[in-house]
Amino acid sequence: MRASQQDFENALNQVKLLKKDPGNEVKLRLYALYKQATDGPCNMPKPGMLDFVNKAKWDAWNALGSLPKETARQNYVDLVSSLSSSSEAPSQGKRGADEKARESKDILVTSEDGITKITFNRPTKKNAITSQMYRDIILALKNASTDNTVMAVFTGTGDYYCSGNDLTNFTSATGGIEEAASNGAVLLRDFVNSFIDFPKPLVAVVNGPAVGISVTLLGLFDGVFASDRATFHTPFSQLGQSPEACSSYTFPKMMGSAKAAEMLLFGKKLTAREAWAQGLVTEVFPENTFETEVWTRLKTYAKLPPNVMRISKELIRKHEKQKLYTVNAEKCAAALERMPREEYAKALRNFLFRKAKAKL
Ligand SMILES: CCCCC/C=C/C(=O)SCCNC(=O)CCNC(=O)[C@H](O)C(C)(C)COP(=O)(O)OP(=O)(O)OC[C@H]1O[C@@H](n2cnc3c(N)ncnc32)[C@H](O)[C@@H]1OP(=O)(O)O
């Protein structure tokens with residue numbers, strides 16, 4: 001639902017009642033959204049380099065480009081609402097969407113040192129992603145895009161980073177495979193779009209093996225730090241699936257078509273160093289110093305000027321965005337078509353009954 005003029009005016013009043021100072025970055029974002037919602041795209045001459053305050057305000061407003069007034073108004077209302085709910089004490093009984101995401105047991109969301117940490121937390125299933133986890137991640141990214149943290153970081157609990165889509169996700173669907181495929185395609189589209197749209201630096205701390213969608217998504221990250229224990233595996237052909245998360249576009253661009261085909265068509269599993277050589281990984285760290293080195297590095301990055309990083313990311317991403325949306329939509333349509341096919345059903349049966357077979 002779109003925010004009305006009344007919602008906007010309520011939000012303007014709510015800002016004055018915030019109990020906590022939201023910090024300069026958020027204030028700049030509020031200013032920019034307010035100007036965009038009321039005056040439209042930035043129409044002021046650029047202030048001089050030494051006029052720091054007005055220059056920062058101008059930069060924030062100008063960075064919104066041609067964002068429509070209604071969207072700016074909605075974003076302003078959403079931002080104020082997230083600030084209001086986070087400044088309420090939990091004991092007061094108010095439970096915002098943000099808190100709900102933080103309560104989810106399979107996806108942990110914490111904020112510290114300017115970093116939103118999103119953890120796949122289902123170690124007994126190698127952190128396989130359930131339908132609920134997809135929804136929790138969409139919500140966590142939405143919250144993190146407007147809160148006062150500087151970046152978001154994904155990692156996993158236990159020995160795996162993530163084993164990809166939970167292969168049992170659609171096996172218990174009551175409405176049949178066609179309906180499950182259709183729901184899955186919509187969920188997948190929204191999930192991947194939330195990564196395409198995330199406006200702040202997005203980093204993966206790959207603590208162990210990564211499979212399927214947890215690998216393909218990395219093409220949409222700004223940094224990928226891997227333990228030398230990590231591996232990267234996309235067994236789509238074996239699963240009767242086609243590659244998702246825009247990897248049919250990002251992987252060839254990153255590593256060239258031959259190497260992308262080796263992963264996406266032939267399912268070659270890469271070591272961390274091989275993935276680094278292909279440009280999928282930013283840096284590889286020895287397992288025994290991995291956590292310390294990576295988090296020290298990230299905390300340093302989180303002290304860089306957030307607004308500048310956001311603007312730079314927008315510049316890097318802006319010419320690609322439309323393409324990424326298109327590729328994502330195409331893939332989701334393909335998933336819809338493939339899921340009911342026999343190859344996919346057979347791959348699922350093989351996985352589900354592999355332990356029973358091993359005992360025979
Ligand atoms: C919204 C739709 C999105 C669709 C797009 C997404 C596509 C993908 O992500 S495709 C990739 C899907 N993932 C896989 O194919 C991996 C499947 N899992 C495995 O091959 C193996 O489990 C392993 C290599 C990840 C680990 O092997 P191992 O060390 O031998 O451990 P176990 O197999 O015993 O696993 C422990 C436990 O975890 C369960 N599990 C692991 N991965 C998944 C998974 N992806 N889905 C569901 N369950 C998984 C496994 O079944 C075991 O459970 P228990 O049998 O109950 O102990």
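Counting starts at 1 for both ligands and their atoms, following the listed order. Every heavy atom of this structure was used, including side-chain atoms; hydrogens, water molecules and symmetry mates were not.
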- Lys NZ or Arg CZ of K35 over W58 ring: under 6.0 Å, within 45°: no
Contact atoms of ligand 1, heavy-atom distance to [X] under 4.0 Å:
{"X": "Y160", "answer": "23 (C), 24 (C), 25 (C), 26 (C)"}
{"X": "G164", "answer": "9 (O)"}
{"X": "D166", "answer": "46 (N), 47 (C)"}
{"X": "G184", "answer": "1 (C)"}
{"X": "I213", "answer": "6 (C), 8 (C), 9 (O)"}

- Between L139, I138, L220, which is the residue that forms a side chain to side chain contact (heavy atoms under 4.5 Å, CB included) with S194?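 Result for side chain to side chain contact (heavy atoms under 4.5 Å, CB included) with S194: I138.
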- Item | Distance-minimising heavy-atom pair for D159 and P209 | O-CD, 3.3 Å
With side chains defined as the heavy atoms from C-beta onward, is the minimum distance between [X] and [Y] less than 4.5 Å?
{"X": "L202", "Y": "M151", "answer": "no"}
{"X": "N127", "Y": "D106", "answer": "no"}
{"X": "R297", "Y": "F285", "answer": "yes"}

- Task: Answer yes or no: does an N/O atom from L167 fall short of 3.5 Å to an N/O atom of ligand 1?
- Result: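 Between L167 and ligand 1, an N or O pair is found under 3.5 Å apart.
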- Message: Any nitrogen or oxygen of Y134, side chain or backbone, less than 3.5 Å from one on ligand 1?
- Response: no
- Using heavy-atom distances, let me know which of E244, Q241, K126 sits nearest atom 28 (P) of ligand 1.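 Ranked by closest heavy atom to atom 28 (P) of ligand 1, first place is K126.
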- If you measure from atom 44 (C) of ligand 1 to every heavy atom of C332, S131, A128, which option wins on shortest distance? A128
- Task: Check the side chains of Q36 and R73 for a donor-acceptor pair under 3.5 angstrom, ignoring hydrogens and angles.
- Result: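 Not at all, the side chains of R73 and Q36 share no donor-acceptor pair under 3.5 Å.
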- Message: Looking at ligand 1, would F191 count as a contact under a 4.0 Å heavy-atom criterion?
- Response: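 For ligand 1, residue contact (heavy atoms, under 4.0 Å) with F191 is absent.
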- Do any heavy atoms of T124 fall under 4.0 Å from ligand 1? yes
- Message: Ring centres under 6.0 Å, that's the criterion: do F154 and F195 meet it?
- Response: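 Yes; F195 has its ring centre under 6.0 Å from that of F154.
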